[in-house]
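Sharing a structure with you now.
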Amino acid sequence: MAEWFENLKSQFELNFISGDRWKLLAEGLGTTVKITIFAVILGIFLGIVIAVIRSSYDKNAANMHGFSKAAFSVLNSIAKIYLTVIRGTPVVVQLLIMYYIIFASSNNKLFVAILSFGLNSAAYVAEIFRSGIMSIDAGQFEAGRAMGFNFPKTMIYIIIPQAFKNVLPALANEVIVLLKETSVAGYVAMTDLTRAGNMIRGVTFSAFLPLIAVALIYLVIVMILTKLVSILERRLRASDH
């Protein structure tokens, strides 16, 4: 047992202490967190916009006429194509297309990664929010009109807050999935958390500790996110009473 601990200690020093290799993990963690936070913001914003367009068309297409119907029909078709393409292709392929084709002249890898993961997440967030909006009783729209709200204000002040409560668990799961999907950012030579672990492994030729450390860091972040969402859910339920 003593020999096992001594070997573990030497491996720990080799992988993390020697050459300050732990700084690679710290840098990678910082990159992963930045990508996740900004991609989540972009994904939620764009996802809500798409969800409102699609749900508005689904609910009101029969009552629309003239220019408004034509405009919403075009926007709904664009949204459907976007959702089909994004959900039908792997995120790593989307990242590579963004980096090597669309933004081939850009050296800002962080921006490209945030945009790629944000656009990918938006497709899933849109469907999550659309289901939440569609689940709201039609009487809530009538209540908004009775209060003198136009359609945008009804959505902002009445429908979306209620939909948010309904879809919070699914939305939290999407954030967790997005966090883990950022592990492919290394495909465009970004030093994210996963690539940092691989870089240490490539130098020390020791796979166990670097990869276990990466896995544990991801696990801790997911546990923290899960706990925060649980607290938020309890507070939202308490506000209903």
Side-chain angles (χ1 to χ4, degrees), residues 24-51 54 82-96 98 109-135 160-188 190-198 210-239:
L24 281 173
L25 289 179
E27 179 188 348
L29 175 59
T31 301
T32 294
V33 170
K34 287 177 186 176
I35 294 173
T36 303
I37 290 175
F38 289 107
V40 164
I41 293 171
L42 175 60
I44 290 177
F45 174 77
L46 184 57
I48 290 176
V49 171
I50 295 171
R54 293 211 61 215
Y82 169 77
L83 294 175
T84 300
V85 172
I86 295 297
R87 295 196 297 168
T89 55
V91 65
V92 65
V93 175
Q94 296 166 21
L95 176 65
L96 292 173
M98 292 288 277
K109 298 176 184 177
L110 183 62
F111 168 76
V112 173
I114 290 170
L115 189 60
S116 300
F117 291 112
L119 291 175
N120 179 270
S121 180
Y124 297 94
V125 171
E127 288 301 280
I128 291 170
F129 264 99
R130 187 176 77 89
S131 66
I133 293 172
M134 296 298 288
S135 70
I160 290 178
Q162 293 184 64
F164 178 77
K165 290 182 182 181
N166 294 341
V167 304
L168 182 58
L171 188 61
N173 185 64
E174 169 56 25
V175 173
I176 290 171
V177 170
L178 175 60
L179 168 68
K180 292 185 289 186
E181 282 182 341
T182 62
S183 61
V184 301
Y187 275 86
V188 294
M190 285 197 70
T191 307
D192 69 312
L193 184 56
T194 302
R195 188 163 188 263
N198 271 327
L211 298 183
I212 290 297
V214 169
L216 288 175
I217 293 171
Y218 275 115
L219 179 61
V220 169
I221 296 174
V222 169
M223 290 173 66
I224 293 172
L225 285 174
T226 303
K227 182 64 176 177
L228 291 174
V229 171
S230 177
I231 293 171
L232 180 58
E233 282 184 311
R234 286 200 301 269
R235 290 187 176 180
L236 288 175
R237 283 197 300 267
S239 68

Rounded to the nearest 0.5 Å, what separation is found between the CD1 atom of I224 and the CG atom of L219?
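Atom-to-atom, I224:CD1 and L219:CG are 10.0 Å apart.
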At what distance, to the nearest 0.5 angstrom, does OG1 of T194 lie from CG of L29?
11.0 Å
Beyond-backbone contact of V188 with M98, side-chain heavy atoms, under 4.5 angstrom
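They are not in contact (no side-chain heavy atoms under 4.5 Å apart), so the answer is no.
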Work out which heavy atom in R87 is nearest to a heavy atom in A123; give both atom names and the distance.
CG-CB, 3.9 Å
Under 3.5 Å, is there a donor-acceptor pair between the side chain of S121 and the main chain of G118?
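No, S121 side chain to G118 backbone: no donor-acceptor pair under 3.5 Å.
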I need the N120 CG to E174 CD distance, nearest 0.5 Å.
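Separation between the atoms: 7.5 Å.
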Would you name the heavy atoms of I133 and A163 that are closest together and state the gap between them?
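So the minimum-distance heavy-atom pair works out to N-CB, 3.9 Å.
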Between L179 and L225, does the side chain to side chain contact (heavy atoms under 4.5 Å, CB included) criterion hold? Intermediate values first, please.
CA-CA 10 Å; L179 168 68; L225 285 174; 4.2 Å; yes
Separation of T182 OG1 from L95 CG (nearest 0.5 Å):
10.5 Å
Grab the two heavy atoms, one from A126 and one from A51, that are nearest each other, plus how far apart they are.
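Taking A126 first and A51 second, the nearest heavy atoms are O-CB, 3.3 Å.
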In short, V85 meets Q94 closest at the heavy-atom pair O-NE2, 4.4 Å
Looking only at heavy atoms, what is the nearest atom pair of G132 and N166, with distance?
O-ND2, 4.3 Å
Could you give the distance from CD1 (I86) to OH (Y124), rounded to the nearest 0.5 Å?
8.5 Å
Tell me the closest heavy-atom pair linking P210 and G197, and the distance in Å.
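Looking at all heavy atoms of both residues, the shortest contact is CB-O, 3.5 Å.
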Between the main-chain N or O of L168 and the side-chain N or O of E233, is there a donor-acceptor pair closer than 3.5 Å?
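Such a contact is absent between E233 side chain and L168 backbone.
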S230 (side chain) donor-acceptor with T226 (main chain) under 3.5 angstrom:
no
Nearest 0.5 Å please: distance from the CZ atom of R195 over to the CG atom of L24.
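Taking CZ in R195 and CG in L24, the distance rounds to 10.0 Å.
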Any side-chain heavy-atom pair of F164 and L171 under 4.5 Å:
yes
F117 side chain near V184 side chain, heavy-atom distance below 4.5 Å:
yes
Side-chain heavy atoms of I231 within contact of R234, under 4.5 Å:
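Yes, side chains in contact.
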Report the C-alpha separation of L178 and E181 in whole Å, then their side-chain angles, then the decisive distance to 0.1 Å, and conclude whether the side chain to side chain contact (heavy atoms under 4.5 Å, CB included) test is met.
CA-CA 5 Å; L178 175 60; E181 282 182 341; 4.3 Å; yes
Is the number of heavy atoms from other residues, nucleotides or ligands within 6.0 Å of OH (Y82) greater than 12?
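Atom OH in Y82 is packed in, count exceeds 12.
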Any non-hydrogen side-chain atom of N198 less than 4.5 Å from a side-chain atom of L211?
yes
Would you find a donor on one side and an acceptor on the other, under 3.5 Å apart, between the side chain of T32 and the backbone of L193?
yes
Are the side chains of V214 and Y218 in contact, using a 4.5 Å heavy-atom criterion?
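Yes, close enough: below the 4.5 Å cut-off.
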Would you say L232 and L228 make side-chain contact, with heavy atoms under 4.5 Å?
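Of all side-chain heavy-atom pairs linking L228 with L232, none is under 4.5 Å.
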Measuring only between side-chain heavy atoms, which start at C-beta, is M190 closer than 4.5 Å to T31?
yes
